[in-house]
Structure formats: structure tokens, C-alpha cells
There are 2 protein chains.
Amino acid sequence: MAADPLSRVFSALADPTRRDMVARLALGDATVNELAAPYDVSLQAVSKHLKVLEDAGLVSRSREAQRRPVHLEAQVFDLMTKWIERYRRAAEQRYRRLDDVLAAMPDDVSPTTGQEGPS
Amino acid sequence: MAADPLSRVFSALADPTRRDMVARLALGDATVNELAAPYDVSLQAVSKHLKVLEDAGLVSRSREAQRRPVHLEAQVFDLMTKWIERYRRAAEQRYRRLDDVLAAMPDDVSPTTGQEGPS
DNA sequence: AAACTTGTCAACCAGCTGGTTGAACAAATG
DNA sequence: CATTTGTTCAACCAGCTGGTTGACAAGTTT
């Protein structure tokens, strides 16, 4: 498992079951059994999903008797948000720039023929 | 390819090469050849990567002579941002709530013994 | 100590992924 | 029309992924 942190986070959230678990954990900590309840898969499969989320840093597990409460970690989200915002903003700016060009274009200029008004 | 949109986007960005391409495209449109230049893989591999990005809605391709300029689409980013913000905020609020509890706790209260300060 | 609860580890399997090569298609150019 | 340029399609392969089952470790309960 040598992937960079960002790849691990995106990859972890690429699975709908895992995103669902994150949604559940946003409401509060939960045990593996509690998390497994809604899904029609083995407990082992859920355990694996949690390992993926943990390796991505999205989740942490403590020990409490024989239970392993799972806790959502908010910090890692920032890693994604930072990356996304960076490029979204760039793409949007370029878009807006084109928008300005179109807005500034006089109404009587046809896109196909270019400016051709009488002198 | 039956995955939901959100899974497709996260999955597409889980690959560092693909994230790199998005970064490149944030600077402006590019052809497949231009995008392939920095990487030591076949053009076909790059073409596949672009297909993944396109299927995720992160990118669109037009036609211009025999070239296929690739364009970054900003809208899809919002899908992710919305999802992330929703759960990040929830997790942070729960965190902050605990923070408030700790902050409101009188200094002379030991966590293990409970309140025992003089009246 | 025995039994039950909670969860993980290990081995296995089918299907997806990212890479390859070779052929083919599309459009401009000689 | 033949060639070159730009890109995609098809078949194949190794490795990862998400699922399974069986064994077992750790802790609690009786």
C-alpha cells in the first residue's frame, strides 16, 4: 500500500458503501457491528472497508472492552478540499474569463463572420 | 460502468496521473499528445485515462481538425465539494462540541475525579 | 474454566484496472 | 491517391479489490 495520501482518500471514498459509512459516522461514533447492520455483507467485509477508511486517515479506532468504536476524523477532508478548490477555482476563472469576452462582444458581431460593420 | 456519479468522480481522481492531468488542464485546454508528453506511458494509456475522466464528467472533448482538445469541466467538482462539506462540517461540529465542553470545564476539575472544588 | 460476544486474520475467487502491443480510423498534406 | 499526424479500438496480462468462508484472538459473563 504505497499510494500517496490523496490517492488513498479519494480511493476510499470511491466506494458507495464506504461513503455511506462515513455518513453514518458523521452522526457519531459506532462499533463495527453497528456499522455492519444496514448492509447485507459479512462482518469481515465491513472490517475490510473500515481498514481502507483507516488507512486513508478518514477514521480512527480505539478500544473499549471487546468493542472497537470507530471515529470519523475530519482533518483529512481538508486535504481533498484544498486540492479540489485549487483546480476548481482555476477552471472557473478561465470559464468566467470567456464569459466576460462574450459579454463584452457587441451584439451585431456574428461569431462566424467576425466584425464586418460599415466604416 | 454502472457506478453512481459520485463514485465515478472520486474513483477518477484516485489516480495520481489523472489528478496531474486535471492540474495541467486547469491551465488551459490541451490535446491528447500534449497531455501525454510528461508521462512515460503509451498514448493509448493516456487515452484511457482521459476516457475515465470524461466518464466522470470532469473533462469534455471537442474536435478541431484531427486533434481532440480536452477541456476541464468545473461543475462536477461541486458534486464532490457538496458531499465533503456536508460530512466534514458534521464531524467538525461534533469535535467542536467536545472542545466547548473542555473549555467550559473549570480549571480545578480533575478529569478522573469529577467536580470537587470549594463552594 | 466454559461459553458467548466482538472483531480480525488468512486463503481463496471473480471482476475491475492500468498497462502493453497491433490494427484501424479520421483529417490534413504531399 | 498515398502518406503522415493524431487518436481510438481490441485483445491480452498482471495486480488490486470486494466479496466469501473458516479459524482464532481478546474480553466479558456465567
Side-chain angles (χ1 to χ4, degrees), chain A residues 1-25 28-72, chain B residues 1-25 28-72:
Chain A
M1 185 219 322
D4 58 297
L6 208 42
S7 294
R8 281 204 294 268
V9 181
F10 277 124
S11 188
L13 294 178
D15 185 291
T17 304
R18 254 148 19 207
R19 281 200 308 279
D20 210 49
M21 289 174 173
V22 167
R24 163 64 185 80
L25 287 168
D29 297 3
T31 69
V32 178
N33 260 293
E34 285 166 356
L35 283 167
Y39 312 106
D40 193 22
V41 298
S42 67
L43 212 62
Q44 290 94 321
V46 173
S47 192
K48 276 192 185 182
H49 277 308
L50 287 172
K51 181 146 182 34
V52 174
L53 289 171
E54 187 176 27
D55 289 344
L58 279 160
V59 133
S60 66
R61 284 132 123 190
S62 45
R63 179 163 276 287
E64 177 187 288
Q66 71 271 58
R67 246 147 274 142
R68 311 290 316 274
V70 183
H71 175 80
L72 185 60
Chain B
M1 185 217 323
D4 59 297
L6 208 42
S7 293
R8 281 205 294 269
V9 181
F10 277 124
S11 189
L13 294 179
D15 185 291
T17 303
R18 255 148 17 209
R19 281 202 306 281
D20 210 50
M21 289 175 174
V22 168
R24 163 66 185 80
L25 287 168
D29 296 3
T31 69
V32 178
N33 260 293
E34 286 165 355
L35 282 168
Y39 313 106
D40 192 22
V41 297
S42 67
L43 213 61
Q44 289 94 322
V46 172
S47 191
K48 276 192 185 181
H49 278 307
L50 287 172
K51 181 145 183 32
V52 173
L53 289 171
E54 187 176 29
D55 288 343
L58 280 159
V59 133
S60 66
R61 285 131 123 189
S62 47
R63 180 163 277 287
E64 175 188 289
Q66 71 271 58
R67 248 147 273 144
R68 310 290 315 275
V70 183
H71 176 78
L72 185 60

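None of the values given here were measured: they were computed from a predicted structure. In what follows, chains carry the letters A, B, and so on, assigned in the order in which the sequence lines appear, proteins first and then strands, with residues in each chain numbered from 1.
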Inset, instruction - Evaluate the side-chain proximity of A:Glu34 to A:Asp29: yes if any heavy-atom separation is below 4.5 Å, no if none is. - result: no
Inset, instruction - Would you check if B:Leu35 and B:Leu25 make a side-chain contact, meaning some heavy-atom pair closer than 4.5 Å? - result: yes
Is it the case that the side chain of [X] and the backbone of [Y] share a donor-acceptor pair, with hydrogens and angles ignored and the cut-off at 3.5 Å?
X       : Y       : value
B:Arg61 : B:Arg63 : no
A:Arg68 : A:Val32 : no
B:Ser7  : A:Ala14 : yes
A:Arg18 : A:Ser11 : yes

Legend entry - Any residue of residues 44-58 of chain B with a heavy atom less than 4.0 Å from an atom of DNA chain D: B:Gln44, B:Ser47, B:Lys48
Legend entry - Span of DNA chain D in contact with chain B (heavy atoms, under 4.0 Å): D:dT5 to D:dA11
Legend entry - Phosphate OP1/OP2 of C:dA28 contacted by B:Arg67 side-chain N/O (<4.0 Å): no
Legend entry - side-chain N/O A:Asn33 vs C:dT5 OP1/OP2, d < 4.0 Å: no
Inset, instruction - Could you tell me whether A:Thr31 contacts a base, only the sugar-phosphate backbone, or nothing, with contacts defined as non-hydrogen atoms closer than 4.0 Å? - result: sugar-phosphate
Inset, instruction - Could you tell me whether the side chains of B:Thr17 and B:Asp20 share a donor-acceptor contact shorter than 3.5 Å? - result: no
Legend entry - Protein-nucleotide distance (B:Arg63, atom CZ; C:dA26, atom C1'), rounded to Å: 6 Å
Legend entry - Lys/Arg-Asp/Glu bridge criterion (N-O < 4.0 Å) met for B:Arg8, B:Asp4: no
Inset, instruction - Tell me which of A:Gln66 and A:Leu43 sits closer to the 5' end of DNA chain D, going by the nucleotide each one is nearest to. - result: A:Leu43
